[in-house]
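Just the heavy atoms: all of them, side chains too, but no hydrogens, waters or symmetry mates, feed the values below. In what follows, every chain begins at residue 1, and chains take the letters A, B, ... in the order their sequences are listed.
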Amino acid sequence: MDKTYDPHAIETRHYQRWEKQGYFKPQGEGAPYSIMIPPPNVTGSLHMGHGFNNAIMDALIRFHRMQGQPSLWQAGTDHAGIATQMVVERQLQAKGQNRKELGRDEFLKRVWEWKEESGNTITGQLRRLGSSLDWSRERFTMDPGFSKAVEEVFIRLYDEGLIYRGNRLVNWDCKLLTAISDLEVNSEEELGSFWYFRYPLCNGATTQEGLGYITIATTRPETLLGDTAVAVNPDDERFKHLIGQQVELPLCNRMIPIIADTYVDPAFGTGCVKITPAHDFNDYEVGQRHKLPLINILTKEGSINDNAPLAYQGMDRFECRKQLVRDMDTAGLLEKIEPHKLKVPRGDRSGVVTEPFLTNQWYVAIKTLAEPAIKAVEDGKIQFVPKNWENTYYSWMRDIQDWCISRQLWWGHRIPAWYDAEGKIYVAASEAEARSKYKLSADLQLTQDEDVLDTWFSSALWTFGTLGWPEQTQELKRFHPTDVLVTGFDIIFFWVARMIMMTLKFTGEIPFKTVYIHGLIRDGEGQKMSKSKGNVLDPIDLIDGIDLETLVQKRTSGMMQPQLAQKVEKATRKQFPTGIPAHGTDALRYTYYSLASLGRDINFDMGRMDGYRNFCNKIWNAARYVFMNTEEQMVTKPTDTNHYSRADLWIQARFQHALAKVNDSMAQYRFDLVSQAVYDFFWNEYCDWYLELSKPVLWDKSATAEQLNATRYTLLSVLEQSLRLAHPLMPFITEEIWLVAAPQLGITGDTIMLQPYPTPDETAINAEVEKEIEWMKSIILALRNIRGELNISPAKAIPAWFSKGSAQDKAQLASNQQFLTKLAKLESVTWLDDPASAPAAAMQLAGDMEIRVPLAGFVDIKAEQARLAKEIEKLQTDITKLQGQLGNDRFVANAPPAVVAKERERLASNQAALVQLEAQMKKLG
RNA sequence: GGGUGAAUAGCUCAGCUGGUAGAGCGUCGCCCUUACAAGGCGAAUGUCGGGGGUUCGAGCCCCUCUUCACCCA
């Protein structure tokens with residue numbers, strides 16, 4: 001093995017080999033285990049969220065694969081309708097072209113080309129993460145088979161009346177020129193205005209105050225052009241007498257009625273509300289109730305159309321807003337303007353303000369599908385981890401609205417519907433099928449619907465569509481339902497809920513048994529990572545490292561708001577003065593796991609990643625130490641357990657505890673606890689103690705061949721087991737070392753990833769040995785404390801005197817002498833029957849036993865006095881506290897006897913210790 | 001307005017059914033001790049957001065307030 005750990009050198013090599021050998025394919029018999037990857041955008045690139053998400057899935061799949069289960073991790077990508085189309089349109093724009101010019105077929109050709117060109121980026125990046133996805137079965141939401149499933153679902157839902165075409169208000173994106181679903185609209189609070197406009201009353205009507213007008217307040221003045229009524233609350237005494245009267249709609253030369261509707265909140269604004277049924281969801285409802293006309297005043301692009309007065313036609317909606325306010329002001333009808341905070345709806349892709357817009361769209365009647373989906377979770381067939389997300393799911397599902405699934409895009413699954421000249425609808429897989437299905441004459445002219453389906457419509461079929469449905473394939477039988485879905489909370493509605501509904505509907509099965517919901521990956525300060533904040537970390541950069549200039553370049557190029565570039569550059573240079581060093585995939589993954597506690601967002605901490613890179617280095621060097629001591633030797637499993645040292649038995653026992661903790665935490669999806677358990681065991685027990693304890697044995701000239709072999713075997717076999725224990729978390733380093741370790745133990749196999757996961761071994765648990773080694777550690781710790789506090793050089797061997805201990809202490813002292821001598825660097829070990837005879841010394845206690853290091857020639861007495869004083873003070877406060885507690889009768893009466901006894905014991909031992917230390921203090925004084 | 005989550009060491013986070021507060025990073029000493037200076041050894045560091053309550057005992061349970069984040073209307 002190389003002397004230094006170089007992650008880059010080993011990672012790509014192993015991954016290629018694994019993939020080439022087909023190790024990622026499900027193999028073996030037994031209970032299958034499966035996970036479907038949340039398909040990333042095919043033309044996208046990997047961000048920290050993907051990194052985290054896939055790290056979790058890879059750990060699960062590797063864990064179960066090693067348990068011997070045929071495990072499928074389905075690979076695939078999503079065509080991501082809007083996102084991808086936008087990218088290609090932007091490319092065209094850069095060349096001065098647009099998609100309309102190109103035409104549909106040519107445009108789609110360009111998108112496919114772009115997909116071919118960039119589609120490998122993200123799959124390549126997933127490979128860099130070590131993701132053991134079955135690439136041989138990779139799917140794409142627009143590949144022919146999957147498209148077949150989409151078609152089938154659409155047709156069946158239509159035939160059942162669960163998909164219908166409706167003319168109603170939708171959220172319209174004026175930039176992308178498509179309808180989008182409620183979920184794709186984000187409403188953020190923004191600072192706007194409340195404009196108060198006067199609408200003159202007709203026919204001489206007046207308000208209670210005798211005014212000839214009423215005042216309405218609006219946040220969207222331009223919609224005035226489409227007003228068809230003014231509404232008041234029927235119980236509002238101020239306006240009761242005006243109901244049924246007319247007002248003149250300013251600037252439009254139209255009369256509109258004053259109507260009564262309980263939708264109006266008398267306490268809000270002026271109590272009079274303008275009603276624009278064609279451009280507001282609430283007004284639409286009011287309009288329906290009162291049979292008001294709908295006047296659409298906007299074009300698809302969001303400018304004013306010919307239904308408005310000539311003066312405004314062709315104006316952009318925001319331009320119109322300004323002009324209209326000016327005109328109202330000129331007309332003396334602008335009463336006042338107030339600043340107002342309001343929620344502004346924006347398209348999540350385009351970022352522009354969406355408009356409620358009256359169009360014909362396709363909808364899924366979702367309520368019927370929702371009911372069984374709710375029940376599946378209620379009945380516990382599907383479980384969310386953590387459980388509280390179930391409430392989020394319920395609250396949305398119980399109030400679910402019909403789903404608008406048509407998009408006015410070109411990139412996506414084209415809707416399998418044809419129209420004749422009269423607009424009659426024929427739904428079938430192809431025009432030919434439509435003709436035969438509906439028995440249409442051959443000369444009837446049919447045209448296909450221009451629209452495509454919402455991307456999420458196809459994603460909803462992911463778990464079964466990838467397995468070959470509608471064919472009843474072997475894979476479908478074997479791997480469906482899947483075991484767990486790993487995803488972020490942000491797509492519970494978009495994806496998780498819809499998958500549950502569609503899968504139940506079409507397979508009669510749940511899509512997955514468990515939904516593991518994780519939080520968002522934020523930066524170290526808890527800020528969302530975003531290009532405009534300039535705090536985005538690229539997982540690949542964390543793996544490979546990146547120099548400062550390249551990082552700055554990357555973060556400041558292509559910004560939406562270039563004026564922020566300077567700020568971003570400054571912050572980047574401050575945070576990473578020397579760039580980001582390479583950490584390797586295993587360290588990155590380990591960081592993800594360590595932060596993966598449930599139910600909260602993850603603040604990605606670079607410091608932790610450094611720590612786990614160091615951990616990898618530690619593993620590497622520990623392995624080197626083991627191999628140095630085993631490579632030239634024949635190591636065999638000892639035939640007699642008596643050949644093992646106490647330390648050998650101890651580490652074997654400790655491994656069992658670590659394994660139990662790992663299995664337990666794994667079952668609860670607590671990857672943070674898994675990583676902690678592995679880290680603690682390997683570093684704090686195996687490296688810090690066991691490797692050191694192996695040295696006195698291996699270096700002991702008088703050790704027998706059997707003893708040497710037993711310790712070498714333990715070094716190797718615990719290392720080998722630890723590698724298997726850690727492999728699901730850190731696939732690369734464990735593979736690299738395992739390939740060296742395994743042959744020495746006579747284990748055959750080309751890869752650790754197909755080896756069995758360690759299984760619990762009751763016989764290795766050994767409470768007696770664990771207690772003894774704990775005892776020994778406490779003595780070493782006491783001696784090291786003296787050494788450290790008194791500044792005795794680590795190079796200096798010191799004599800140690802022991803006294804006042806039990807017979808067992810004395811015996812264990814003798815049997816562990818070689819360990820103590822090495823780890824505490826002792827020059828000699830002496831048992832004093834009469835401690836009073838001891839000369840001035842530093843003293844520590846281990847239980848009752850006194851441990852002394854003579855002061856002469858080592859340190860000044862003052863340092864030892866200070867150290868003692870500190871110890872004594874600590875004991876005294878502890879004793880006072882305990883005395884208070886034990887002096888409380890109610891504590892003694894009510895607390896469990898075991899607790900009381902424990903506290904009594906503590907008090908007694910603290911008191912005894914205090915006496916001993918005070919005596920020592922006096923002696924030094 | 002409704003809902004969820006969070007507040008623990010300088011920073012990022014653990015803390016299981018209530019029983020002497022932990023880790024990593026950072027900090028301060030001492031060490032290149034033949035696996036590892038990306039290391040070893042030792043040390044310091046917290047009225048567990050505030051206030052009440054229940055209990056023999058509260059970081060944990062109950063009430064209340066404050067701040068932050070997110071979701072929904």
Legend entry - N/O (side chain, Asn894(A)) to phosphate O (OP1/OP2, C56(B)) under 4.0 Å: yes

Legend entry - Atom pair distance, as rounded to whole Å: CG in Asn603(A) and P in C13(B): 4 Å

Legend entry - Separation of Met529(A) CE from Gln527(A) CD (nearest 0.5 Å): 11.0 Å

Inset, instruction - Determine the interatomic distance between P on C48(B) and the same-named atom on C61(B); round to the nearest Å. - result: 16 Å

Inset, instruction - Whole angstrom is fine here: how far is it from CZ in Arg787(A) over to P in G40(B)? - result: 17 Å

Inset, instruction - Could you state the atom-to-atom distance from CG of Leu537(A) to C1' of U12(B) in whole Å? - result: 14 Å

Inset, instruction - Would you please indicate if the ring centroids of Tyr612(A) and Tyr679(A) are separated by under 6.0 Å? - result: yes

Legend entry - Of Asn621(A) and Ser594(A), the one whose closest RNA chain B nucleotide lies more 5': Ser594(A)

Legend entry - Heavy atoms from other residues, nucleotides or ligands near CD of Glu774(A) exceed 12 (cutoff 6.0 Å): yes

Legend entry - Between G39(B) and G5(B) - C1' atom distance, rounded Å: 40 Å

Inset, instruction - Rounded to whole angstrom, note down the P distance from G15(B) over to U27(B). - result: 27 Å

Legend entry - Same-atom distance (P) from U34(B) to A44(B), integer angstrom: 28 Å

Inset, instruction - Pick base, sugar-phosphate or nothing for Arg906(A), based on heavy-atom distances below 4.0 Å to the nucleic acid. - result: base

Legend entry - Residue pair Leu826(A), Gln817(A): steps toward the side chain to side chain contact (heavy atoms under 4.5 Å, CB included) verdict: CA-CA 10 Å; Leu826(A) 298 182; Gln817(A) 186 165 342; over 6 Å; no

Legend entry - Nearest listed nucleotide, side chain of Arg522(A), among A69(B), A35(B), A43(B): A69(B)

Legend entry - CA sep, side-chain torsions, deciding dist, call: Thr630(A), Tyr625(A), side chain to side chain contact (heavy atoms under 4.5 Å, CB included): CA-CA 9 Å; Thr630(A) 56; Tyr625(A) 166 79; over 6 Å; no

Inset, instruction - Let me see the working for Glu692(A) and Phe819(A) under side chain to side chain contact (heavy atoms under 4.5 Å, CB included), right down to the final yes or no. - result: CA-CA 9 Å; Glu692(A) 294 306 318; Phe819(A) 292 144; over 6 Å; no

Legend entry - Given RNA chain B, 5'-ward residue of the pair Ala623(A) and Gln676(A), judged by closest heavy atom: Gln676(A)

Inset, instruction - Measure the distance from CZ on Arg890(A) to P on G57(B) and round it to the nearest whole Å. - result: 6 Å

Inset, instruction - Inspect the surroundings of NZ in Lys367(A) and state if more than 12 heavy atoms from other residues, nucleotides or ligands are less than 6.0 Å away. - result: yes

Inset, instruction - Classify the nucleic acid contact of Tyr679(A) as base, sugar-phosphate or nothing, counting any heavy atom under 4.0 Å across all strands shown. - result: sugar-phosphate

Inset, instruction - Measure from NZ or CZ of Arg600(A) to the centre of the six-membered ring of Trp389(A) and say whether it is under 6.0 Å with the direction within 45° of the ring axis. - result: no

Inset, instruction - Please measure how far the C1' atom in A73(B) lies from the corresponding atom in G52(B), and state the result in whole Å. - result: 34 Å

Legend entry - Rounded distance (Å) that lies between atom P of G19(B) and atom NZ of Lys881(A): 13 Å

Legend entry - Separation of the P atoms in A43(B) and U54(B), to the nearest angstrom: 41 Å

Legend entry - Side-chain (Glu864(A)) to main-chain (Met843(A)) donor-acceptor, under 3.5 angstrom: yes

Inset, instruction - Summarise protein proximity over nucleotides 28-34 of chain B in one line of letters, 5' to 3': B for base, S for sugar-phosphate only, - for none, counting protein heavy atoms closer than 4.0 Å. - result: -SSS-B-

Inset, instruction - Indicate whether OP1 or OP2 belonging to A35(B) is found under 4.0 Å from a side-chain N or O atom of Trp683(A). - result: no

Inset, instruction - Return no unless some side-chain N or O of Arg867(A) is found under 4.0 Å from OP1 or OP2 of A43(B). - result: no

Inset, instruction - Mind checking Arg784(A) for me? I need base, sugar-phosphate or nothing, with any heavy atom below 4.0 Å counting as a touch. - result: sugar-phosphate

Legend entry - SG on Cys616(A) to CD on Glu736(A), rounded to 0.5 Å: 12.5 Å

Inset, instruction - Using a 4.0 Å heavy-atom cut-off across all strands, classify Pro896(A) as base, sugar-phosphate, or nothing. - result: base

Inset, instruction - Sort by first number and list every stem of RNA chain B: at least 3 consecutive Watson-Crick or G-U wobble pairs, both distances under 3.5 Å. - result: B:1-7 with B:66-72, B:10-13 with B:22-25, B:27-31 with B:39-43, B:49-53 with B:61-65

Inset, instruction - Looking at every strand, decide which applies to Leu673(A) at a 4.0 Å heavy-atom threshold: base, sugar-phosphate, or nothing. - result: sugar-phosphate

Inset, instruction - Name the nucleic acid region contacted by Arg613(A), choosing base, sugar-phosphate or nothing; use a 4.0 angstrom heavy-atom cut-off, strictly under. - result: base

Inset, instruction - Round to a whole Å and report the spacing from CG of Leu781(A) to P of G40(B). - result: 15 Å

Inset, instruction - Would you classify Cys687(A) as touching base, sugar-phosphate or nothing, given that sugar-phosphate means primed atoms plus P, OP1 and OP2, and contacts are heavy atoms under 4.0 Å? - result: base

Inset, instruction - Output, in order, the C-alpha distance, side-chain angles, deciding distance and verdict of side chain to side chain contact (heavy atoms under 4.5 Å, CB included) for Leu659(A) and Phe681(A). - result: CA-CA 9 Å; Leu659(A) 174 61; Phe681(A) 171 74; over 6 Å; no

Legend entry - Span that lies between the C1' atom of U4(B) and that of C41(B), in whole angstrom: 46 Å

Inset, instruction - Let me know the distance between CZ of Phe891(A) and C1' of G18(B), rounded to the nearest Å. - result: 13 Å

Inset, instruction - Answer with base, sugar-phosphate or nothing: what part of the nucleic acid does Asp688(A) contact at a heavy-atom distance below 4.0 Å? - result: sugar-phosphate

Legend entry - OP1 or OP2 of A43(B) under 4.0 Å from side-chain N/O of Asn785(A): yes

Inset, instruction - Tell me whether the OP1 or OP2 atom of C36(B) has a side-chain N or O from Asn614(A) closer than 4.0 Å. - result: no

Inset, instruction - Examine the base of A35(B) for any acceptor or donor lying under 3.5 Å from a partner atom in the side chain of Glu692(A), and report the outcome as yes or no. - result: yes

Inset, instruction - Could you tell me how the ring of Phe682(A) sits relative to the ring of Phe615(A): parallel (under 30°), tilted (30 to 60°) or perpendicular (over 60°)? - result: perpendicular

Inset, instruction - Taking atom P in both G50(B) and U66(B), compute the distance separating them and give it to the nearest angstrom. - result: 15 Å

Inset, instruction - Take atom CG of Asp605(A) and atom C1' of U12(B), then tell me their distance rounded to the nearest Å. - result: 4 Å

